[in-house]
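All of these numbers come straight from a predicted model, not from anything done at the bench. Lettering follows sequence order; numbering is per chain, from 1.
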There are 2 protein chains.
Amino acid sequence: MGLRFDPTRPIYLQIMEWIKRQAVRGVLRPGDRVPSVRDLARELQVNPNTVARAYRELEREGFLFTLRGQGTFITRDAARLARERQRLLEQAVQHFLEGLRELQPSPEEAERLMEILRRQLHDDR
Amino acid sequence: MGLRFDPTRPIYLQIMEWIKRQAVRGVLRPGDRVPSVRDLARELQVNPNTVARAYRELEREGFLFTLRGQGTFITRDAARLARERQRLLEQAVQHFLEGLRELQPSPEEAERLMEILRRQLHDDR
DNA sequence: CATAGTGTACTACCGGAATAGTACACCGAC
DNA sequence: GTCGGTGTACTATTCCGGTAGTACACTATG
């Protein structure tokens with residue numbers, strides 16, 4: 001269970017993002033069932049209401065759908081997931097650039113950072 | 001006034017980070033006075049208590065110091081600021097890499113991202 | 001001295017996040 | 001039908017962030 005909560009942000013939002021990331025990277029595939037509200041709550045050590053809220057919001061977004069009495073499932077709309085993945089990628093780059101711009105790294109620092117990034121991106125698979 | 005609040009995180013934390021960024025990038029220099037609690041509160045459209053809390057925490061961290069009746073000031077410890085700057089840089093890279101790793105970009109995507117980063121880092125100054 | 005501008009402390013109140021507990025309707029399998 | 005597992009709805013409670021308002025001690029300026 002790889003989920004560490006940021007204590008400064010609502011848990012239900014972090015659960016939502018966590019589910020999205022798992023679906024987007026293929027750990028959860030279109031049509032897959034996500035854990036039951038009670039199971040996930042026990043696993044994450046949070047209240048079932050909190051998980052239920054995350055599921056509810058994700059369903060409102062069309063990211064999940066539920067079958068009463070059966071469970072909650074990842075949308076079967078693969079294009080939806082692909083779009084979300086693209087959005088997350090762009091957002092990550094955007095965030096990073098904004099953060100850097102504010103710190104105004106020198107050309108040397110910038111070069112050093114790029115080197116680190118290049119190494120990491122090619123190493124870890 | 002370039003500060004947009006993320007509604008999912010406490011305002012006082014975002015003010016703290018904002019001050020730090022300004023100090024670290026030299027907009028605010030060691031020993032400079034920061035706006036009064038009331039002024040900044042009016043400028044950011046928040047309650048003076050919220051700004052006061054941000055200042056209080058930053059003073060507890062040794063990042064600010066106050067002179068009663070005069071105002072609140074950036075620490076004169078330049079090394080402290082340099083260390084903070086380094087910390088923010090590393091944190092930005094770390095965050096970015098974690099975000100990417102989760103999305104598992106293909107080699108082609110990774111190459112495209114690096115290209116975007118390189119262009120942005122060399123362009124915008 | 002008086003005044004205005006500092007930070008600071010305090011009370012009161014409101015709203016949202018999270019917890020705890022209970023209950024209900026639905027589905028599948030025995 | 002019964003039973004266990006689903007999602008869902010609801011109330012009550014606690015905690016914390018944020019707001020509002022007041023008051024006080026300090027400093028610089030005049």
Side-chain angles (χ1 to χ4, degrees), chain A residues 1 3-20 22-23 28-76, chain B residues 1 3-20 22-23 28-76:
Chain A
M1 185 61 25
L3 184 49
R4 288 251 315 133
F5 289 121
D6 171 354
T8 75
R9 298 183 59 238
I11 294 177
Y12 80 95
L13 282 182
Q14 299 183 58
I15 294 178
M16 289 174 65
E17 294 162 1
W18 182 61
I19 301 281
K20 282 185 180 179
Q22 284 193 310
L28 294 173
R29 307 184 64 84
D32 272 4
R33 186 173 168 279
V34 297
S36 80
V37 165
R38 293 172 180 80
D39 279 354
L40 185 54
R42 189 158 15 85
E43 204 165 356
L44 297 181
Q45 308 264 54
V46 298
N47 192 281
N49 291 330
T50 304
V51 177
R53 177 169 186 184
Y55 283 6
R56 197 191 331 137
E57 297 289 327
L58 284 172
E59 180 171 16
R60 209 178 45 78
E61 290 184 10
F63 203 90
L64 296 179
F65 66 95
T66 70
L67 299 181
R68 301 257 303 184
Q70 300 189 43
T72 307
F73 304 82
I74 305 285
T75 179
R76 292 207 181 82
Chain B
M1 184 59 26
L3 184 49
R4 289 249 315 132
F5 289 122
D6 171 354
T8 75
R9 300 184 57 239
I11 295 176
Y12 80 96
L13 283 181
Q14 299 182 58
I15 294 179
M16 289 175 65
E17 294 162 1
W18 181 61
I19 301 283
K20 282 186 180 178
Q22 284 191 310
L28 295 173
R29 307 183 64 84
D32 272 3
R33 186 172 168 278
V34 297
S36 80
V37 165
R38 294 171 179 83
D39 280 354
L40 185 54
R42 189 159 15 86
E43 204 165 357
L44 297 180
Q45 309 264 54
V46 299
N47 193 281
N49 291 329
T50 304
V51 177
R53 178 168 185 183
Y55 284 5
R56 196 192 330 137
E57 296 288 327
L58 284 171
E59 181 171 15
R60 209 178 44 79
E61 290 184 11
F63 202 90
L64 295 179
F65 66 95
T66 70
L67 299 180
R68 302 257 303 186
Q70 299 190 43
T72 307
F73 304 82
I74 305 286
T75 179
R76 292 208 180 82

> A:N49 has an atom CG; how far is it from atom C1' of C:dG16, in whole Å?
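After rounding, the gap between these two atoms is 14 Å.
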
> As a test of understanding, state which of A:D32, A:L3, A:L28 forms a side-chain contact (heavy atoms from CB on, under 4.5 Å) with A:Q22.
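For A:Q22, the side-chain contact (heavy atoms from CB on, under 4.5 Å) test succeeds with only one of A:D32, A:L3, A:L28, which is A:L28.
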
> Check every atom of C:dG7, D:dG17, D:dA9 against the side chain of B:Y12 and return the nucleotide holding the closest atom.
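Shortest atom-to-atom distance from the side chain points to D:dG17.
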
> So, is B:T50 near the phosphate of D:dG18, with a side-chain N or O under 4.0 Å from OP1 or OP2?
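For D:dG18, neither OP1 nor OP2 has a side-chain N or O of B:T50 closer than 4.0 Å.
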
> Check whether any side-chain nitrogen or oxygen of A:S36 sits under 4.0 Å from OP1 or OP2 of D:dG5, and answer yes or no.
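No, no such contact exists.
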
> Between D:dT8, C:dT8, D:dA20, which nucleotide gets closest to the side-chain atoms of B:R38?
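Closest nucleotide among those given: C:dT8.
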
> Which nucleotide wins on minimum distance to the side chain of B:V46, given the candidates D:dT19, D:dT8, D:dA25?
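Comparing D:dT19, D:dT8, D:dA25 against the side chain of B:V46, the answer is D:dT19.
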
> Can you tell me how far P of D:dT11 sits from CG of A:N47, to the nearest Å?
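Nearest whole value for this atom pair: 16 Å.
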
> Distance check needed: C:dG7 C1' versus B:L67 CG, whole Å only.
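Value for this atom pair: 10 Å.
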
> Whole-Å distance between C:dA18 P and A:Q45 CD?
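About 15 Å, once rounded to whole Å.
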
> C:dT8, OP1 or OP2 - any side-chain N/O from B:T66 closer than 4.0 Å?
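Looking at the OP1 and OP2 atoms of C:dT8, one of them is under 4.0 Å from a side-chain N or O of B:T66.
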
> Go through D:dA28, D:dG17, C:dA17 for me and flag the one nearest to the B:Q70 side chain.
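Taking heavy atoms from C-beta onward, the closest nucleotide is D:dA28.
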
> Quick one: is B:R56 getting a side-chain N or O under 4.0 Å of the C:dT8 phosphate, OP1 or OP2?
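Negative; the distance criterion is not met.
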
> Between atom CZ in A:R42 and atom C1' in C:dG21, what is the gap in whole Å?
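Whole-Å distance recorded here is 17 Å.
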
> Classify B:Q14 by what it touches in the nucleic acid, base, sugar-phosphate, or nothing, heavy-atom distance under 4.0 Å.
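No contact.
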
> Should A:R53 be listed as having a side-chain N or O under 4.0 Å from OP1 or OP2 of C:dG16?
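A:R53 to C:dG16 OP1/OP2: no side-chain N or O under 4.0 Å.
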
> Of all the choices, D:dG7, C:dC10, D:dA25, which nucleotide is nearest to the side chain of A:R68 once you look at every atom?
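Per side-chain heavy atoms of A:R68, the pick is D:dG7.
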
> Can you check the A:I11 CD1 to C:dT19 C1' distance for me, whole Å?
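My rounded result for the distance is 10 Å.
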
> Nearest to the side chain of A:P10 - C:dT6, D:dG7, C:dA17?
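The nucleotide sitting nearest to the side chain is C:dA17.
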
> Where do A:T50 and A:R53 land on the side chain to side chain contact (heavy atoms under 4.5 Å, CB included) test, with the steps shown first?
CA-CA 5 Å; A:T50 304; A:R53 177 169 186 184; 5.8 Å; no

> I need the single residue from A:V46, A:T72, A:V34 that forms a side-chain contact (heavy atoms from CB on, under 4.5 Å) with A:V51. Which is it?
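Looking at A:V46, A:T72, A:V34, the match for A:V51 under the side-chain contact (heavy atoms from CB on, under 4.5 Å) is A:V46.
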
> Would one find more than 12 heavy atoms of other residues, nucleotides or ligands at under 6.0 Å from atom CZ of B:R33?
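More than 12 heavy atoms, drawn from other residues, nucleotides or ligands, come within 6.0 Å of this atom.
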
> How close or far is atom C1' of D:dG17 from atom CZ of B:R9, stated in whole angstroms?
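Those two atoms, CZ and C1', are 13 Å apart.
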
> Which of these, B:I74, B:L58, B:I15, B:L64, sits in a side-chain contact (heavy atoms from CB on, under 4.5 Å) with B:K20?
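Option passing the side-chain contact (heavy atoms from CB on, under 4.5 Å) with B:K20: B:L58.
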
> Over how many whole Å does the gap from A:R60 atom CZ to D:dT8 atom C1' extend?
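For the pair A:R60 CZ and D:dT8 C1', the rounded distance is 16 Å.
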
